[in-house]
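Data first, discussion second: the structure below is written as structure tokens.
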Amino acid sequence: SLTLQAAAKEPVSLAVSQDRKRQRRQNTMIIVLKQDAPDVQVREFCHELEDMGLQINDSKGSDTHILGLIGDTKAIAESWVLANPVVETCRRVSEPYKKANRKFHPDDSVIDVEGVKIGGGNFAVIAGPCSIESEEQITYCAQRVKAAGASLLRGGAFKPRTSPYSFQGMRSEGLDLLKLARRATGSPIVTEIMNTEHLPLFENVDLIQVGARNMQNFELLKAVGRQKKPVLLKRGLANTLEEFVMSAEYIMAEGNENVILCERGIRTFETSMRNTLDLAGVVMLHKMTHLPVVVDPSHACGHAWMVPELAKAAVAAGADGLMIEVHNNPAKAKCDGAQSLTPDQFDELMQFIGKEVEFFGKKMN
Ligand code: PEP
Ligand code: MN
């Protein structure tokens with residue numbers, strides 16, 4: 001009723017400000033091209049748009065060819081766009097994310113991590129300990145998770161710990177041990193970066209993880225966006241899905257479109273688990289964006305005994321992959337032991353996951 005009162009008092013100015021808000025939100029346009037539009041004419045049209053100062057996101061999918069316009073599209077009249085013979089239809093888009101938007105790119109993106117494909121019907125499992133602790137530990141874990149069917153090896157070297165007195169990770173020495181484990185198994189490696197200055201150390205890492213605590217470290221997002229390695233972006237502890245996708249947009253806007261999203265649980269009022277796993281968010285993310293979505297049930301619940309059921313539920317909710325913490329001796333782990341599966345437990349889980357992935361018509365990579 002407050003807004004009604006305001007509207008009654010100032011009907012004109014309210015309408016104008018709402019209109020401006022809508023315009024601001026709709027400063028993006030997508031143009032669907034005709035299937036048989038000749039290339040030369042399409043190119044000519046693109047030049048015309050570029051001359052108007054617009055950036056074009058060209059997406060040729062399985063059955064659609066879409067031009068996503070980035071920039072100030074307010075001045076462009078829909079009637080002008082529709083008058084071009086190569087255009088089937090056009091519409092304005094209100095979401096603030098563009099390159100990550102499913103409307104810009106209707107087909108699922110498939111991200112390739114050193115030959116391991118994730119997304120668009122390709123399923124992959126990332127597994128390994130929370131932290132790299134020694135050469136024997138990481139190599140043993142690497143061999144066991146690979147034998148169980150995981151295609152990517154994880155291990156933290158730079159650890160974002162709540163307490164400065166907790167184990168902070170083996171840092172660059174840990175990265176070297178992770179590379180030794182890769183040499184022993186052939187599995188591509190995934191590890192977390194916490195600082196832009198560390199980027200040179202990550203040159204040989206196959207998939208760079210940006211952790212939950214850094215999801216809105218915009219300088220870090222831009223820096224990983226300026227390099228070519230794929231990025232595993234974890235959802236922040238208390239971030240909305242739109243904020244999450246906007247962080248992916250930061251990386252993509254710099255030129256790196258190889259982004260994999262990871263739902264890892266969010267803060268709620270619930271205290272019996274470390275976080276609350278937002279599986280509905282996985283379904284929604286697939287509607288919002290074309291990027292693959294991986295689920296990390298380990299950090300989501302904090303209890304090893306819960307991980308298998310949550311992992312199965314994630315596959316059923318349409319996840320494109322899983323990230324699971326596995327430790328050779330969880331009771332002695334330097335970090336996150338309580339949520340880590342033993343190699344045997346992981347083995348058993350993977351036998352089910354393999355069948356489940358097949359049941360849902362996806363390919364295990
Ligand atoms: C991790 O993957 O070990 C980690 C620290 O995860 P998150 O950033 O989701 O807490
Ligand atoms: Mn962890």
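Atom set for the values below is all heavy atoms of this structure, side chains included, hydrogens, waters and symmetry mates excluded. Whatever order the structure lists them in is the order used to number ligands and atoms, beginning at 1.
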(request) Please write out which residues are connected to Phe352 in a hydrophobic cluster, directly or through intermediates, given that two of Ile, Leu, Val, Met, Phe, Trp, Tyr count as joined at side-chain heavy-atom separations below 4.5 angstrom. (result) none
(message) If you apply the rule salt bridge (charged side-chain N to carboxylate O under 4.0 Å, His left out), what do you find for Lys74 with Asp72, and how did you get there?
(response) CA-CA 6 Å; Lys74 282 196 285 291; Asp72 190 3; 3.4 Å; yes
(message) Salt bridge check, Arg154 against Glu192: does any charged N sit closer than 4.0 Å to a carboxylate O?
(response) no
(request) Flag the pair Asp107 and Lys60 as a salt bridge only when some basic side-chain nitrogen lies within less than 4.0 angstrom of an acidic carboxylate oxygen. (result) no
(request) Within a distance under 4.0 Å of any heavy atom of Arg213, pick out the atoms of ligand 1 and give their elements. (result) 7 (P), 8 (O), 10 (O)
(message) Using only atom types and a distance under 3.5 Å, with no angle test, would you say the side chain of Lys146 pairs donor to acceptor with the backbone of Gly186?
(response) no
(message) Within the 4.0 Å heavy-atom shell around Glu325, which atoms of ligand 1 are there?
(response) 3 (O)
(message) Any salt bridge linking Lys98 with Glu249? Criterion: basic side-chain nitrogen under 4.0 Å from a carboxylate oxygen.
(response) no
(request) Say whether Glu192, considering both its backbone and side-chain N or O atoms, lies within less than 3.5 Å of an N or O atom on ligand 1. (result) no
(request) Answer yes when Glu356 and Lys312 have at least one side-chain N-carboxylate O distance shorter than 4.0 Å, and no when they do not. (result) no
(request) Give a yes/no on ligand 1: does Arg235 have at least one heavy atom closer than 4.0 angstrom to it? (result) no
(message) What I want to find out is whether Lys355 reaches Glu358 closely enough, with some N-O distance under 4.0 Å, to be called a salt bridge.
(response) no
(message) Below the 3.5 angstrom mark, is there an N/O of Ala212, backbone or side chain, next to an N/O of ligand 1?
(response) yes
(message) What I want to find out is whether Lys222 reaches Glu254 closely enough, with some N-O distance under 4.0 Å, to be called a salt bridge.
(response) no
(message) Give me the nearest non-hydrogen protein atom to atom 6 (O) of ligand 1 as residue plus atom name, then the distance to 0.1 Å.
(response) Lys234 NZ, 2.9 Å
(request) List every atom of ligand 1 that sits less than 4.0 Å from any heavy atom of Gly211, numbering the atoms from 1 in the order shown and giving each element. (result) 8 (O)
(request) Using distance alone, decide if ligand 1 has a nitrogen or oxygen within less than 3.5 Å of any nitrogen or oxygen in Asp296. (result) no
(message) Closer than 2.8 Å to the Mn ion (ligand 2), what protein N/O/S atoms do you find?
(response) Cys130 SG, His299 NE2, Glu325 OE2, Asp336 OD2
(message) For atom 2 (O) of ligand 1, what's the nearest protein heavy-atom neighbour? Residue, atom name and distance, please.
(response) Arg154 NH1, 2.8 Å
(message) Do Glu114 and Leu152 have side chains that approach each other closer than 4.5 Å (heavy atoms only, starting at C-beta)?
(response) no
(message) Would Arg274 count as being in polar contact with ligand 1, using the rule that some N or O on each side must be under 3.5 angstrom apart?
(response) no
(message) Which residue and atom name correspond to the protein heavy atom nearest atom 4 (C) of ligand 1, and how close is it?
(response) His299 NE2, 3.5 Å
(request) Tell me which protein heavy atom sits closest to atom 9 (O) of ligand 1, plus the residue, atom name and distance to 0.1 Å. (result) Arg264 NE, 2.6 Å
(request) Would you check, one step at a time, whether the test side chain to side chain donor-acceptor pair (under 3.5 Å) holds for Arg161 with Gln168? (result) CA-CA 7 Å; Arg161 302 303 300 276; Gln168 302 287 305; over 6 Å; no
(message) I'd like to know if Lys332 and Glu133 make a salt bridge, using a cut-off of under 4.0 Å between side-chain N and carboxylate O.
(response) no
